[in-house]
Amino acid sequence: DQALAQLGDFAADLCSDAVAQFATLGVGGQSDFGRAFAKTRHTALAFKVQGVPALGVAGRYYTDGALSGNMSRALQLVDWLVAQERTRKK
């Protein structure tokens, strides 16, 4: 989406240090930053993220402290989901 790409480019201009950091991770240039921003936004909307911290596993599962009861339980759930995904992929 053009507007998201423009927003990503705007954010990249404001955060040149962050862009440099992303470059060390293999995300280069403003257009890549814009695409990464758009993908992150799309994922957050798909999972209906209400706030942070929010945890996603394998692009299939989402939880947060409120859904799990508290962050400790959320982390336990994520550990379990990661183990399930590892088993599923074998």
Side-chain angles (χ1 to χ4, degrees):
D1 171 81
Q2 182 72 16
L4 287 177
Q6 289 174 342
L7 180 59
D9 289 346
F10 174 74
D13 287 340
L14 291 176
C15 306
S16 61
D17 289 342
V19 172
Q21 184 65 33
F22 275 105
T24 66
L25 301 172
V27 178
Q30 292 180 348
S31 61
D32 282 347
F33 186 84
R35 282 192 292 276
F37 179 84
K39 183 178 179 182
T40 301
R41 182 177 183 280
H42 174 77
T43 301
L45 290 172
F47 279 127
K48 298 181 177 129
V49 172
Q50 297 295 310
V52 293
L55 305 161
V57 177
R60 299 177 64 186
Y61 308 102
Y62 165 83
T63 193
D64 57 31
L67 285 173
S68 299
N70 60 52
M71 279 310 294
S72 179
R73 290 184 67 195
L75 293 172
Q76 290 172 347
L77 175 60
V78 167
D79 285 343
W80 183 81
L81 288 169
V82 168
Q84 295 299 306
E85 283 298 302
R86 286 182 177 153
T87 300
R88 188 180 71 80
K89 290 185 178 185
K90 287 185 179 181

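If you're wondering where the values come from, they're calculated on a predicted model, not measured in any experiment.
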Co-membership, hydrophobic cluster, residues Leu81 and Met71, 4.5 Å side-chain: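 Linked within one cluster.
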Shared hydrophobic cluster for Val78 and Trp80 (ILVMFWY, side-chain gaps under 4.5 Å):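 Yes, Val78 and Trp80 fall within the same hydrophobic cluster.
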Shortest non-hydrogen contact between Ser68 and Leu77, atoms and distance: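 Ser68 and Leu77 have their closest heavy atoms at OG-CD2, 3.9 Å.
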Qualifying residues under side-chain hydrogen bond (donor to acceptor under 3.5 Å, both in side chains), relative to Arg60, sequence neighbours excluded: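 Result, side-chain hydrogen bond (donor to acceptor under 3.5 Å, both in side chains) vs Arg60: Glu85.
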Heavy atoms of other groups near Arg86 CZ, more than 12 under 6.0 Å: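 Check fails, neighbour count at 12 or below.
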For Phe47, side chain to side chain contact (heavy atoms under 4.5 Å, CB included) partners two or more places apart: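 For Phe47 the side chain to side chain contact (heavy atoms under 4.5 Å, CB included) partners, ignoring immediate neighbours, are Thr43, Val49, Tyr62.
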Step-by-step side-chain contact (heavy atoms from CB on, under 4.5 Å) determination, Leu75 to Leu55: CA-CA 8 Å; Leu75 293 172; Leu55 305 161; 4.0 Å; yes
